[in-house]
Amino acid sequence: MSESGIRKFEKIAPLLGCPLCGNALAPQNGASLVCARGHCFDVAKKGYVNFAPQKKHRMYEAALFESRQRAFLAGFYETPLQALCEAAARYIGTTAPVLVDAGCGEGYYALGIRRFFGEEAEVFGLDIEKDAIHLAARGGNDVKWLVADLSRIPLKDGCVDAVFNIFSPANYAEFRRVLKQNGIVVKAVPGEHYLTEIRQAAAEQLKSSAYSPARVADHFEGYLSTVERVRVKNTFPLTREQLFDFLTLTPMMFGVDKAKLKTEDIHEITIDVEILVGVYRG
Ligand SMILES: C[S@@+](CC[C@H](N)C(=O)[O-])C[C@H]1O[C@@H](n2cnc3c(N)ncnc32)[C@H](O)[C@@H]1O
Ligand SMILES: [Zn+2]
C-alpha cells in the first residue's frame, strides 16, 4: 500500500540529511522535515518533499516530461529499463537495497526500479524540476520523491547501494558521498544511434548530427572504474503522434525549428542506450 504525505517519509527519516547543513532531519507537525539548525522542508500531500523551494529552475518545460511519459507508456524504453535493473542486480549484494534515481524526470525508471527490486527496496527519485516530480508522484506510489539538486542529495553519507543516473547530468563526488563502500553508479547515456532518424532529419540545424557517448564515458572513467558496459539497441515503428513526442522529449532538439524538418519519411525510431556500471576506486 502506498502512503502519502509525511507518513511516507517517517520510516525513512533516518536516511535523510539536510541538503544545507548535513544534519539529520526529523518529521515535525505532521507536515515538514526539520534539522537541528532549523532548516525546514515541506512534505507535499501528494507524497514528495521539496528540498529546493528557492529554485525556479525550468530548464525543461512540462511538455518535455509529458511527451517522455507517453513514450514510456508506449513501451519504447522497456528494454533499457530492464537492462539497467539487471545490470545493477548483478552487483548489489543486499536484499533490501537503498536506491537513488538522480535526475529521475517524470519517474518512469524509479518506478520500474521499485517494481524490479520489490517491496524491500527503498527507492528515492530525485529531480530539480518540480513539474517532473509532480508527474512522478501522481496517483500515489511508494517511491520517495524529492525535488532536489543532485549536487546536494538530501541523504546521509554512505547509505545508498546504487545511484542510477539516466540521461541526466552527474555529480560523481556527491554520488560517492551518499554511496556505501561497495556502492555502484549505474549510468545510462544515449548510444551512438539514439533517435538517429530525427537527428538525421535535423542534421542541417544541429551543430553536429553525429553523436558520440565517448566523452561521457571518459568523464565517468575519471571517477569510477567501469565494471560493466551494456548496449541496448532497438528500432520500432512509429505513429505521427509518437514522432511528435520524440521531437519534444529530447533536449537534442532544443533550438531546432521543427517546422523546417522533413519528417514525412520517418516511420521508425531507434532507441540506442549505453549503460555503464562503475565502482569508485580506492
Ligand atoms: C533528459 S532528462 C532525463 C530524465 C529521466 N532520467 C529520463 O530518462 O526520462 C534530465 C533530467 O535531469 C534533471 N536535472 C538536471 N540538472 C539537475 C540537477 N542539478 N539536479 C537534479 N536533477 C537535475 C532535469 O530536470 C531532467 O529531469
Ligand atoms: Zn540544516
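For ligands, and for the atoms within them, numbers begin at 1 and follow the listed sequence.
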Run the numbers for me: atoms of ligand 1, each under 4.0 Å from some heavy atom of Ile166, listed by number. 3 (C), 5 (C), 6 (N), 8 (O)

Pair Arg152 + Glu174: basic N to acidic O under 4.0 Å: no

Over 12 foreign heavy atoms within 6.0 Å of CZ, Arg215: no

Can I get a per-line list of side-chain donor-acceptor pairs under 3.5 Å for residues 17-24, giving both atom names and the distance, sequence neighbours left out?
none

Could you list the atoms of ligand 1 found under 4.0 angstrom from a heavy atom of Asp149? 18 (C), 19 (N), 20 (N)

Taking distance alone, with N or O pairs closer than 3.5 Å, would you say Arg68 contacts ligand 1? yes

Donor + acceptor pair across side chains of Glu78, Gln82 (<3.5 Å): no

Going by the atom numbers of ligand 1, which of them fall below 4.0 Å from some non-hydrogen atom of Glu129? 25 (O)

Identify whether the distance between the nearest side-chain nitrogen and carboxylate oxygen of Arg199 and Glu192 falls below 4.0 Å. no

Between Ala148 and ligand 1, which residue portion shows a heavy-atom distance shorter than 4.0 Å: side chain, backbone, both, or neither? backbone

Could you check which of Thr250, Leu150, Asp127 puts a non-hydrogen atom nearest to atom 18 (C) of ligand 1? Leu150

Within a distance under 2.8 Å of the Zn ion (ligand 2), the protein atoms of type N, O or S are Cys18 SG, Cys21 SG, Cys35 SG, His39 ND1

Applying salt bridge (Lys or Arg N to Asp or Glu O under 4.0 Å), can you list everything that pairs with Arg176, at least two apart in sequence or on another chain? none

So for Cys104 against ligand 1, with non-hydrogen atoms under 4.0 Å, the contacting part is backbone

Ligand 1 contact by Tyr108, heavy-atom criterion under 4.0 angstrom: no

Short side-chain donor-acceptor distance under 3.5 Å, Thr248 and Arg68: no

Would you call Pro169 a ligand 1 contact, heavy-atom distance under 4.0 Å? yes

Would you say Tyr91 has more than 12 foreign heavy atoms packed within less than 6.0 Å of its OH? yes

Please verify whether a non-hydrogen atom of Tyr77 lies at under 4.0 Å from ligand 1. no

Return the orientation label for the Tyr60 and Phe254 ring planes: parallel under 30°, perpendicular over 60°, tilted otherwise. tilted

Any atoms of ligand 1 less than 4.0 Å from a non-hydrogen atom of Phe72? List them with their elements. 9 (O)

For ligand 1, which part of Tyr60 has a heavy atom less than 4.0 Å away: the side chain, the backbone, both, or neither? side chain

Quick one: does ligand 1 sit under 4.0 Å from the side chain of Ala132, the backbone, both or neither, non-hydrogen atoms only? neither

Side-chain donor-acceptor pairs of residues 181-190 under 3.5 Å, sequence neighbours excluded:
{"from": "Lys187", "atom 1": "NZ", "to": "Asn165", "atom 2": "OD1", "distance (Å)": "2.6"}
{"from": "Lys187", "atom 1": "NZ", "to": "Ser168", "atom 2": "O", "distance (Å)": "3.0"}

Phe220 and Tyr172: aromatic ring centres closer than 6.0 Å? yes

Which of the atoms in ligand 1, numbered in the order shown and given with their element, are less than 4.0 Å from a heavy-atom of Phe65? 27 (O)

Answer with yes or no whether the side chains of Thr235 and Thr270 bring together a donor and an acceptor at under 3.5 Å. yes

Value rounded to 0.5 Å, distance of CG in Leu146 from CZ in Phe51: 5.5 Å

